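Here's the structure, in structure tokens; my notes come after.
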Amino acid sequence: MTAYWNSYLFVVIFIVIAIGLPVVALALGGWLRPANPYQEKLEPYESGAEPVGSAHVRYNARYYLFALLFVVFDVEILFLYPWAVAFHELGLFGLIEALIFMAMLVIGLVYAWRKKVLEWK
Amino acid sequence: MIAFFSWVHQALTWGTVLKMVAGALIVLFFLLGAVTYMLYFERKVIGWMQLRIGPNRVGPLGLFQSFADILKLLAKEDIVPAEADKPLFLIAPIVAFIPSFAVMAVIPWTASHVFTADIAVALLYYLALSSITIVGIMLGGWASNNKYSLIGGMRSAAQMISYEIPLGMSLLGVILLAGSLNIVDIVEAQRRFMWFVVPQFLGFCVFIVAATAELNRTPFDLPEAESELVAGYHTEYSGFRFAFYMLAEYLYVFAISCLGATLFFGGWSGPLLPGWLWFAIKVTAFIFFFFWLRATMPRIRVDQLMSFSWKFLLPLALVNIVLTSIIKYWVNAG
């Protein structure tokens, strides 16, 4: 049990350091770097031309479809990970069960394919 | 010396915590040094491949070039565009960086677990945390209020979520064979059996392609396609915030190389040489491979990019899982 909690504490320490490094580095960098903003410098860089309008616009819905597909298959992976770990104990039942599960997702993929969601045009 | 830092089986006192912090800080400084010299290594390797010399002015053989670059970035102004969403713009590179270092907690550097958290869900932890970086990249692209940044950020997110599926699935074959998510156990399983690259060759092929895309490296570097998008999501970033984006990117190259070496090539195990040296050799080979790709391959088109993941890699990874599970069942039963 000691090893278990110690290992997770080690992970927490890594995350704390990961937050600490950029915060400290950016704070300390404040002493070193110049700060001389003026209007031309603060404009968005769009290859030298003056930017027209805001970039906060409605965006292509195609990305949304890929995000939906991603959620479906990411959850599938999440379900399959514990299955893969316990596979040697589950026997034939576990194998067939997972094959049916994957087959249903393949049907979903084929549907998206036929509906031309996977095209990028 | 290593035994002094050992904390795994010790009761939790402030002394133990101090040892853990020392271990984590050693990993941090080692990684910062490693990334510094990866930059140098990349420029030299690509230089040689293109019949150039590469950096050779700062220090002997240009060895201090990367330090000079980092110092320069530290002394540069931190520009926040007037139209940008300021709070998001400021935290985005930090959000992108945090998971890139946090995933290193589960990398088994050597046989002794002084610098490694020996947790049971290590592989899941890696995948879960590494996807948070996508949020940091999208935030940066959106908050900049620059059209190129926005396109770069959106492309980046679409690409990384698309290739995360085959990446996660290619690892399933390894988990099936090892019967564990614990990276240390996976190395042990390979010591008993053989390097998983042999039985999981298909899985390894999917892994290496998906990993390259996940890292946004050539030939999948569309989010940063400089000839069409200036610099992609970090166009508006300067100084040290830009540096943190780059640091995260190179830490991921290192982390994926470690993961590939551990899951498919037996990690620190090997004959004669000490474990850490074997690990270093394998990881360096992976890193070299990614740099080699950059010098060799042209960038692929955006329409090819998305359909390649969903129409080719994903079915291939599924076939790999089905084959692996059936063969494993058959071998176990027979």
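Please read these numbers as outputs of a predicted model, since none were measured by experiment. Per chain, numbering begins at 1; letters A, B, ... match sequence-line order. Below, all heavy atoms of this structure are taken into account, side chains as well, without hydrogens, waters or symmetry copies.
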Options B:I91, B:D118, B:D78, ranked by heavy-atom pairs under 4.5 Å with chain A, top entry: B:D78

Top contributor to chain A interface from B:M154, B:M104, B:K76 [non-hydrogen pairs under 4.5 Å]: B:M154

Heavy-atom donor-acceptor pair, B:T116 side chain to B:V106 backbone, under 3.5 Å: no

Minimum-distance pair of heavy atoms, taken over all atoms of B:L73 and B:A243: CD1-CB, 3.7 Å

Residue B:I165 versus chain A: region with a heavy atom under 4.5 Å: both

Short side-chain to backbone donor-acceptor contact, B:S238 and B:E77, under 3.5 Å: yes

Full working for side chain to side chain contact (heavy atoms under 4.5 Å, CB included) between B:Y163 and B:W310: CA-CA 8 Å; B:Y163 280 87; B:W310 291 98; over 6 Å; no

Heavy-atom contacts under 4.5 Å, residues 74-84 of chain A to chain B: A:D74, A:E76, A:I77, A:L78, A:L80, A:Y81, A:W83, A:A84

Which portion of A:Y63 sits near chain B, non-hydrogen atoms under 4.5 angstrom: side chain

Side chains of B:N145 and B:D85, donor plus acceptor under 3.5 Å: no

Centroid separation A:F66 to A:F70 less than 6.0 Å: no

Expected output: side-chain B:S170 to main-chain B:A317 donor-acceptor under 3.5 Å: no

Within the 6.0 Å centroid threshold, strictly below: B:Y237 and B:F244: no

Main-chain N/O of B:M306 paired with B:S162 side-chain donor or acceptor, under 3.5 Å: no

B:N182 vs B:I119 side-chain heavy atoms within contact, under 4.5 Å: no

Top of B:G179, B:A102, B:S307 for chain A proximity - count of heavy-atom pairs under 4.5 angstrom: B:G179

Any donor-acceptor pair under 3.5 Å from B:Y245 side chain to B:F240 backbone: no

Under 4.5 Å from any heavy atom of chain B - which part of A:L109: side chain

Taking every non-hydrogen atom, the tightest pair across B:Y125 and B:A105: OH-CB, 4.3 Å

Heavy-atom pair count under 4.5 Å with chain B, highest-scoring of A:L105, A:L69, A:L32: A:L69

Contact class of B:F97 relative to chain A, heavy atoms under 4.5 angstrom: side chain

Heavy-atom pair with the smallest gap, counting every atom of A:Y8 and B:A120: OH-N, 4.3 Å

Part of B:V27 lying under 4.5 Å from any heavy atom of chain A: side chain

Top contributor to chain A contacts, counting heavy-atom pairs under 4.5 Å, from B:A75, B:S325, B:S100: B:S325

Side chain / backbone / both / neither for B:E236 at chain A, heavy atoms under 4.5 Å: side chain

Nearest heavy atoms of B:L313 and B:A210, plus distance in Å: CD1-N, 4.4 Å

Contacting moiety of A:V106, where chain B heavy atoms sit under 4.5 Å: side chain

Minimum side-chain heavy-atom gap B:S149-B:W142 below 4.5 Å: no

Proximity breakdown for B:S180 and chain A, heavy-atom pairs closer than 4.5 Å: backbone

Interface residues of residues 14-23 of chain A facing chain B - heavy atom cut-off under 4.5 Å: A:F14, A:I15, A:I17, A:A18, A:I19, A:L21, A:P22

For B:A96 against B:T133, the heavy-atom pair lying closest together: O-OG1, 3.3 Å

Leading residue by heavy atom contact count with chain A [cutoff under 4.5 Å; candidates B:E83, B:E164, B:R301]: B:E164

Evaluation steps, side chain to side chain contact (heavy atoms under 4.5 Å, CB included), between A:F73 and B:L314: CA-CA 10 Å; A:F73 281 91; B:L314 176 61; 4.0 Å; yes

Closest contact, heavy atoms only, B:L176 versus B:I321: CD1-O, 4.0 Å

Any residue of residues 85-94 of chain A which, by heavy atoms, sits under 4.5 Å from chain B: A:V85, A:F87, A:H88, A:G91, A:L92

Pick from A:L99, A:L95, A:L28 with the largest number of heavy-atom pairs that fall under 4.5 Å of chain B: A:L95

Derivation and outcome, side chain to side chain contact (heavy atoms under 4.5 Å, CB included), residues A:R33 and B:L74: CA-CA 7 Å; A:R33 59 182 175 239; B:L74 195 60; over 6 Å; no

Verdict with supporting geometry, B:I132 and B:I98, side chain to side chain contact (heavy atoms under 4.5 Å, CB included): CA-CA 9 Å; B:I132 296 176; B:I98 290 168; over 6 Å; no

Proximity breakdown for B:R241 and chain A, heavy-atom pairs closer than 4.5 Å: both

Residue pairs passing the salt bridge (charged side-chain N to carboxylate O under 4.0 Å, His left out) test where at least one lies in residues 306-329 of chain B, sequence neighbours excluded: A:E119-B:K311

Contact check, side chains of B:N146 and B:L150, non-hydrogen atoms, under 4.5 Å: no

Region of B:T16 in contact with chain A, defined by heavy-atom distances below 4.5 Å: side chain

Part of B:L28 within contact of chain A (heavy atom distance under 4.5 Å): side chain

Contact class of B:L127 relative to chain A, heavy atoms under 4.5 angstrom: side chain

